[in-house]
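See below for the structure under consideration.
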Amino acid sequence: MSELEPKRAIDGAAEESIHIPIAGPASLFTQLKGFWVTFAAQFKKVTTVQYPEVKEPTAPRFHGRHQLNRHPDGLEKCIGCELCAWACPADAIYVEGADNSDEQRYSPGERYGKVYQINYLRCIFCGLCIEACPTRALTMTNEYELADDSRKKLIFEKEDLLAPLRSGMLQPPHPYYPGTDDQDYYHGRVTEAHPSQEQK
Amino acid sequence: MGLEEKLPSGFALTTVEKLVGYMRKNSLWPATFGLACCAIEMMAVTTGRYDLARFGMEVFRGSPRQADLMIVAGRVSNKMAPVLRQVYDQMSEPKWVIAMGACASSGGMFNNYAIVQGVDHVVPVDIYLPGCPPRPEMLMDAIIKLHEEIKNAKLGINRAKIIKEVEAAALAAKPTIELKGLLA
């Protein structure tokens, strides 16, 4: 016995207890058992979702593409505070604010977001921007089909992100609802646009 | 116009370009190239629920020489970049690249010294796919958009012309590494 050999057989007790079966073809019954699994699978319910034709709805709070919301009369909720850009861990958001005036009013209050860009190639859809937004201007939709063929197309501008104008909304810039100020907007007292708000 | 007017109805006429495009789009062979968490979603795409086999591309080839689609799934570190380029060079023409996820497309949240800021610094990318990671449906959507691109690809002289145009545009364009702002 050399020095390198393992010393397991010192007592002589382990020598006869190890039995290794010789590999060969499995018995017919074993083979049939295997085929049965394959055969029975064709009677199971199909789990495949036929994706491009059938689109399963996502979870209701799925983090998809962003949306910039509007007040019920069409004024933008975004006030250009840049808190979303500060919260973003991937530096995907770029905001430039500008001052509102009574002639050019885009949002209630002093300021509005003049430039608003989200780079979807950087965005990780974490939702920290939504948590940071003080006016609930920024929320997320369930839309997820975003793939495109160039970097430029995946930087979404303000026009791409703004919510569509629904009935009763007017395209900003336009003045406040008659007899209200920004506080009325934040308390939800403005429910629709007034005809006098339309700017020529 | 010509021959097609004399043929009885029921004959499908098409150009070689369209036929080749149709066949190429339905026989893509993706290379196994998972780099990070996006690879998990890439694997999920081949499972029964999503079933990439419906598009004729469920077999991920282990060898790049048998593959013609590279799905870069995950962040590419500077050390991995030459490897990625070699795998791409070993693939046979025609070949396509999908940058899957934020990190592969632009570096994502990893804007640091270790990560390549987008695989388009290393290989030409056909489809960028945002998401962190993108859900399997998003990858399938990217693949369908790539199919559309392949289907409308040109052949012969037209292809040579497009390649020349793309090269001229690439020479005129700003290098990716010098891009500033959100494009970086």
Side-chain angles (χ1 to χ4, degrees), chain A residues 41-42 44-59 62-66 85 87-96 115-129 140-158 160-161, chain B residues 37-38 45-55 75 96-111 117-121 124-149 169 173-174 176 179 181-184:
Chain A
Q42 65 185 310
K44 279 185 185 163
K45 196 166 164 273
V46 178
T47 52
T48 310
V49 180
Q50 301 290 332
Y51 163 66
E53 293 87 28
V54 183
K55 284 171 189 170
E56 284 261 296
T58 59
F62 173 75
H63 286 187
R65 187 181 69 84
H66 298 79
C88 183
D91 274 350
I93 308 182
Y94 177 76
V95 188
E96 241 176 57
V115 179
Y116 199 99
Q117 297 176 331
I118 296 184
N119 183 354
Y120 277 98
L121 290 183
R122 288 267 178 206
C123 176
I124 56 168
F125 299 91
C126 58
L128 288 179
C129 45
M140 277 169 146
T141 62
N142 287 352
E143 190 191 323
Y144 54 80
E145 287 161 342
L146 296 165
D148 219 321
D149 60 358
S150 84
R151 279 189 173 215
K152 278 213 178 87
K153 285 182 197 166
L154 280 160
I155 295 180
F156 280 44
E157 297 282 339
K158 193 176 162 188
D160 308 317
L161 295 164
Chain B
C37 23
C38 280
V45 151
T46 61
T47 57
R49 184 178 159 87
Y50 304 104
D51 201 11
L52 208 56
R54 291 180 293 135
F55 307 107
R75 73 278 178 284
W96 297 275
V97 178
I98 293 180
M100 179 185 181
C103 305
S105 302
S106 74
M109 64 184 300
F110 303 111
N111 194 353
Q117 297 299 303
V119 275
D120 48 2
H121 289 250
V125 175
D126 292 286
I127 295 283
Y128 298 86
L129 171 59
C132 187
R135 55 192 283 132
E137 280 102 337
M138 287 167 91
L139 179 57
M140 279 198 282
D141 173 58
I143 286 168
I144 291 163
K145 278 171 181 160
L146 181 68
H147 279 178
E148 209 55 42
E149 211 170 274
K174 210 175 192 183
T176 324
L179 290 177
L182 275 183
L183 270 176

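When each of A147(A), C126(A), P52(A) is scored by its heavy-atom pairs under 4.5 Å with chain B, the top score falls to A147(A). Contact count versus chain A (heavy atoms, under 4.5 Å) is highest, among M100(B), E137(B), E149(B), M140(B), for E137(B). The choice from P133(B), G108(B), C132(B) that makes the most heavy-atom pairs within less than 4.5 Å of chain A is G108(B). Chain A forms the most heavy-atom pairs under 4.5 Å with one residue out of D126(B), L139(B), I98(B), and that residue is D126(B). Across C103(B), A102(B), P134(B), the residue that shares the most heavy-atom pairs under 4.5 angstrom with chain A is A102(B).
Between the side chain of S106(B) and the main chain of G118(B), no donor-acceptor pair closer than 3.5 Å is present. T141(A) places a side-chain N or O within donor-acceptor distance of the main-chain N or O of R65(A), the cut-off being under 3.5 Å. With hydrogens and angles ignored, the 3.5 Å screen pairs no side-chain donor or acceptor of D148(A) with any backbone N or O of S150(A).
Using a 4.5 Å cut-off between heavy atoms, L154(A) contacts chain B through its side chain alone, with no backbone atom that close. If you measure heavy-atom distances from R49(B) to chain A, the contacts under 4.5 Å come from both the backbone and the side chain. Within the 4.5 angstrom heavy-atom criterion, atoms from both the backbone and the side chain of Y120(A) approach chain B.
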- Task: Show your working on side-chain contact (heavy atoms from CB on, under 4.5 Å) between R122(A) and Q117(B) and close with a plain yes or no.
- Result: CA-CA 10 Å; R122(A) 288 267 178 206; Q117(B) 297 299 303; 2.8 Å; yes

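Look at E145(A) and K55(A) and you find a salt bridge, because one of the NZ, NE, NH1 or NH2 atoms lies within 4.0 Å of a carboxylate O, short of that distance.
Test I144(B), V45(B), D51(B) against Y51(A) for side chain to side chain contact (heavy atoms under 4.5 Å, CB included) and you get one pass: I144(B).
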